[in-house]
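Each chain gets a letter, A, B and so on, in the order its sequence line appears, and its residues count up from 1. Here the structure is a predicted model, which means the values were calculated and not measured.
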There are 2 protein chains.
Amino acid sequence: MSRSELVARTGLTRSAIGALIGELARVGLVVERRAISDGSPGRPSPVASVVADQNVAIAVEVLVDCVGVAAIGLGGTVLYSTRLDRPRGRVSVDETIHDIVAGVTQVKGKLSPSCRILGVGVGVVGLVRRPDNSVPIAPNLGWHDVAFGDQLRLALGGTDVVALANDADVAALAEVRRGAAVGVDDVVCIWGEVGVGGGLVSRGEMITGAAGFAGEVGHMPVNPDGRLCQCGSIGCWETEIGEGALLRLTGRPNPSMVVLGGLFGRAHPFIAGQLNDEIARRALHSSMANLRVVPSRLGMDAVLMGAAELAFEAVLSDPLATLREVEARRTG
Amino acid sequence: MSRSELVARTGLTRSAIGALIGELARVGLVVERRAISDGSPGRPSPVASVVADQNVAIAVEVLVDCVGVAAIGLGGTVLYSTRLDRPRGRVSVDETIHDIVAGVTQVKGKLSPSCRILGVGVGVVGLVRRPDNSVPIAPNLGWHDVAFGDQLRLALGGTDVVALANDADVAALAEVRRGAAVGVDDVVCIWGEVGVGGGLVSRGEMITGAAGFAGEVGHMPVNPDGRLCQCGSIGCWETEIGEGALLRLTGRPNPSMVVLGGLFGRAHPFIAGQLNDEIARRALHSSMANLRVVPSRLGMDAVLMGAAELAFEAVLSDPLATLREVEARRTG
DNA sequence: CGGGTTTGTCCGGGGGGTGGACAAACCGCA
DNA sequence: TGCGGTTTGTCCACCCCCCGGACAAACCCG
């Protein structure tokens with residue numbers, strides 16, 4: 001993006017943009033290439049771009065049947081990724097951490113030595129309490145009250161900051177930042193693979209609720225006469241999924257876009273027509289009939305991309321301070 | 001609150017607090033009283049307090065069976081209020097606006113001439129689209145696509161800024177700011193009178209969703225085999241209320257506190273025991289069993305208080321600019 | 001090669017905060 | 001009444017970040 005474009009988008013002055021870009025370039029987050037003349041009159045504006053291959057996040061996804069690890073450059077370019085399928089049953093905390101450490105070691109080996117690691121982001125199939133990076137419960141993994149973030153951080157050597165979140169939450173984040181919902185403020189993501197997960201984004205920010213449980217649509221009760229769910233409740237969506245509960249959810253008055261991922265994303269072409277009919281019928285009002293239901297654009301990569309986004313959050317909000325901290329942690 | 005207390009709470013320096021308080025005092029939002037010595041050593045700190053009776057909001061609530069109007073001072077003190085009961089059927093837009101104008105005229109007459117009106121806040125039983133202050137649909141009033149905010153503003157003379165929101169949303173706001181949920185970040189309010197309304201607050205801010213429909217729990221589908229609701233959906237909570245749906249809702253993994261108002265608030269003493277048992281049984285995890293369900297503290301006043309809070313929002317976020325604008329609108 | 005246009009850079013200025021020095025207002029004690 | 005000890009308000013120099021104008025640089029076109 002050229003400097004003049006930045007001026008137009010941010011509303012800041014040329015002076016301010018110049019100073020900011022200069023500072024970011026000084027610490028190696030950004031490079032400026034000489035402007036290429038586009039034929040229009042006036043002095044051409046130099047193009048600033050992110051140094052993606054020197055500023056990366058380690059992204060981790062912990063699903064039921066696989067563990068994925070990737071190095072993702074600032075801006076969302078996947079530099080290298082690996083995936084370890086694992087037989088059902090190999091889901092204990094220790095085994096999972098072991099597999100992650102192996103994947104991270106492999107991925108780090110592929111990176112150039114000059115490359116900076118800005119953080120480790122993890123998306124996990126389970127409920128996550130953000131303040132302490134712990135997993136109170138992950139039904140599909142059989143985990144209860146695990147200090148997963150801390151354990152992983154130590155297992156990785158303790159030099160990198162680890163940020164943990166629910167897999168559907170980070171997938172939603174990825175779709176909003178770089179996927180099907182770019183520019184949309186209020187989004188619900190429905191992620192269905194083994195279980196049913198959901199992520200909420202309101203006004204561009206992730207909503208997790210007090211205990212990190214918001215958006216856990218899989219355990220929203222939809223049928224009072226339904227079957228007992230493993231979460232202890234009755235008639236959860238996750239257990240009643242055969243009954244067309246997806247349609248009921250989209251009938252709820254919240255988002256301006258619903259992104260479907262996983263199984264639902266792949267099924268989208270076959271159910272889109274019926275879905276839209278149902279939305280039109282159930283919408284409380286015509287302004288809700290504009291609700292768009294779209295398939296995920298990032299597909300399988302969404303969770304890893306979102307995990308990276310999670311790790312980048314600190315750099316984006318305060319680049320200089322975060323880089324200082326990263327450097328401090330690296331040297332000891 | 002004393003200046004030294006402000007320094008401790010905000011983390012700002014004494015200089016900054018002094019300058020800010022001085023400026024607010026200069027424009028008449030705040031007065032400083034000489035400090036009263038409390039016996040402890042050291043120079044006593046002057047106490048700053050809000051000039052509530054000279055800086056008021058006109059708060060309006062539009063319910064099914066009544067229209068309420070109040071003058072509420074900055075900080076939440078009710079200076080004067082009036083309520084107009086109305087027979088069922090007198091709910092048209094024109095009649096409602098007529099009743100409000102009458103109420104506002106009466107309330108304004110009771111205020112001293114020196115008193116500043118900072119804005120008009122309205123809580124209405126219906127869905128509200130925030131950007132344009134319109135009401136897409138209000139089933140219990142029979143309204144469809146009404147530019148209610150604009151109509152009311154013009155009917156009131158056009159000199160005051162009018163802010164509109166859903167009644168349950170503003171009630172939630174009031175409970176968080178000055179009621180049962182002070183200091184709690186993530187709150188769901190359930191308001192049941194004629195219909196069932198809900199307000200969401202996450203991280204201290206009102207969540208309305210893209211179309212202003214978030215938190216409309218009354219129309220959340222809870223029974224796939226239920227009755228047809230007037231909103232066009234099937235098995236809405238509002239229509240299935242007899243089936244214990246409240247318990248199901250509190251089983252949903254979102255807030256750290258649920259505030260019950262209206263009918264539910266009055267019923268709270270009788271159902272508290274059963275409610276807590278059910279929460280403990282349905283909670284996904286023990287951290288959710290800490291969920292507190294409490295009755296509204298503000299009761300009947302919650303909607304009016306919240307409407308005032310809505311009107312005060314601009315002054316609180318940028319006092320000087322808002323006061324300049326208020327003055328500009330008043331003089332022409 | 002010279003005007004028109006768009007842009008980067010330099011520089012003075014202002015708003016809003018920090019932080020230290022100093023004075024003011026209280027306490028307790030002699 | 002006077003004197004330290006303590007807490008606080010006030011003044012002032014300073015810094016950071018941004019604005020906005022003046023100027024130069026780099027492009028177009030004729």
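With respect to the salt-bridge test (charged N to carboxylate O, under 4.0 angstrom), the residues Arg330(B) and Glu325(B) do not qualify. Salt-bridge formation is detected for the pair Asp160(B)/Lys108(B): a Lys NZ or Arg NE/NH1/NH2 atom is positioned less than 4.0 Å from an Asp or Glu carboxylate oxygen.
For Arg3(B), taking side-chain heavy atoms from C-beta onward, the closest of the listed nucleotides dT10(D), dG8(C), dT8(D) is dT10(D).
With a 4.5 Å cut-off on side-chain heavy atoms, Val104(B) and Val120(B) do not count as touching.
Pairs passing the side chain to side chain donor-acceptor pair (under 3.5 Å) check and including a residue from residues 15-33 of chain B, sequence neighbours excluded, read Arg3(B)-Glu32(B), Arg33(B)-Ser49(B).
Ser114(B) and Gln54(B) are linked by a side-chain donor-acceptor pair at a separation below 3.5 angstrom, with hydrogens and angles left out of the test.
Non-hydrogen atoms lying under 4.0 Å from DNA chain D are contributed by Arg14(B), Ser15(B), all within residues 9-19 of chain B.
In this structure, Asn55(A) contributes its side chain and Val51(A) its backbone to a donor-acceptor pair below 3.5 Å. Between the side chain of Glu175(A) and the main chain of Ala180(A), a donor-acceptor pair closer than 3.5 Å is present.
One finds the CD atom of Glu327(A) at 8.5 Å from the CG atom of Leu323(A) (value rounded to the nearest 0.5 Å).
As a whole-Å value, the separation of Leu20(A) CG from dG8(C) P is 13 Å. Rounded to whole angstrom, the span from the CD atom of Glu23(B) across to the C1' atom of dG16(C) amounts to 10 Å. Rounding to whole angstrom units, CG of residue Leu6(B) and P of dT8(D) are separated by 12 Å.
Using a 4.0 Å heavy-atom criterion, one finds that Ile21(B) contacts no nucleic acid atom at all.
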Indicate for each nucleotide in nucleotides 25-30 of chain C, in 5' to 3' sequence, whether protein heavy atoms under 4.0 Å reach the base (B), only the sugar-phosphate (S), or nothing (-).
BBS---

